[in-house]
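Start at 1 with the first residue, then count along the sequence. Every value quoted in this text rests on a predicted model; they were computed, and no experiment measured them.
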Amino acid sequence: MPCGGTYFGHPGELLGYRSWSGVTADGARTAVVYATSDGGQGTRQAMSALVGEELCGSRP
C-alpha cells in the first residue's frame, strides 16, 4: 500500500470488465474498483493504485 503495509486482494476480469478488490489485514477497510474496459497495463496499475489509496484512508 502507498502508506506501507500490505493488503489482501485479487484482480479479476470477465467479458470486457476488470475488477480489483482489497481488504486490510484487520478487515477495517475494503475497496473495490470496476472498469468497463479490457484495459492494458496502465489500467491495471491505476486500479491497483486506487485500491491502495482507499485502503490507506488518505482521503478525508
Side-chain angles (χ1 to χ4, degrees):
M1 294 190 304
C3 57
T6 59
Y7 69 91
F8 302 99
H10 193 276
E13 60 182 86
L14 178 65
L15 302 173
Y17 294 88
R18 289 197 172 273
S19 65
W20 197 290
S21 60
V23 60
T24 56
D26 64 1
R29 297 185 67 87
T30 61
V32 178
V33 176
Y34 289 99
T36 54
S37 166
D38 288 336
Q41 183 64 26
T43 299
R44 290 188 295 272
Q45 289 174 342
M47 292 174 77
S48 175
L50 285 170
V51 168
E53 288 177 21
E54 185 60 31
L55 294 178
C56 285
S58 57
R59 297 181 196 186

Identify the two heavy atoms, one from [X] and one from [Y], that lie closest to each other, and give their separation to 0.1 Å.
| X | Y | value |
| --- | --- | --- |
| Tyr7 | Ser48 | OH-OG, 4.0 Å |
| Val32 | Ser21 | CG2-CB, 3.8 Å |
| Glu54 | Thr30 | CG-O, 4.5 Å |
| Ala25 | Phe8 | CA-CE1, 3.6 Å |

Is the side chain of Arg29 donor-acceptor paired with the backbone N or O of Cys56 at a distance under 3.5 Å, no angle test?
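Checking the backbone N and O of Cys56 against the side chain of Arg29, no donor-acceptor pair under 3.5 Å is found.
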
Are Leu50 and Trp20 linked, directly or through intermediate hydrophobic residues, by side-chain heavy-atom contacts shorter than 4.5 Å (ILVMFWY only)?
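Yes, Trp20 and Leu50 fall within the same hydrophobic cluster.
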
Nearest 0.5 Å, please: how far is OH in Tyr17 from OG1 in Thr36?
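So the OG1 of Thr36 and the OH of Tyr17 are separated by 6.5 Å.
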
Could you tell me if the side chain of Met47 sits less than 4.5 Å from the side chain of Val51, heavy atoms only?
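No, side chains not in contact.
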
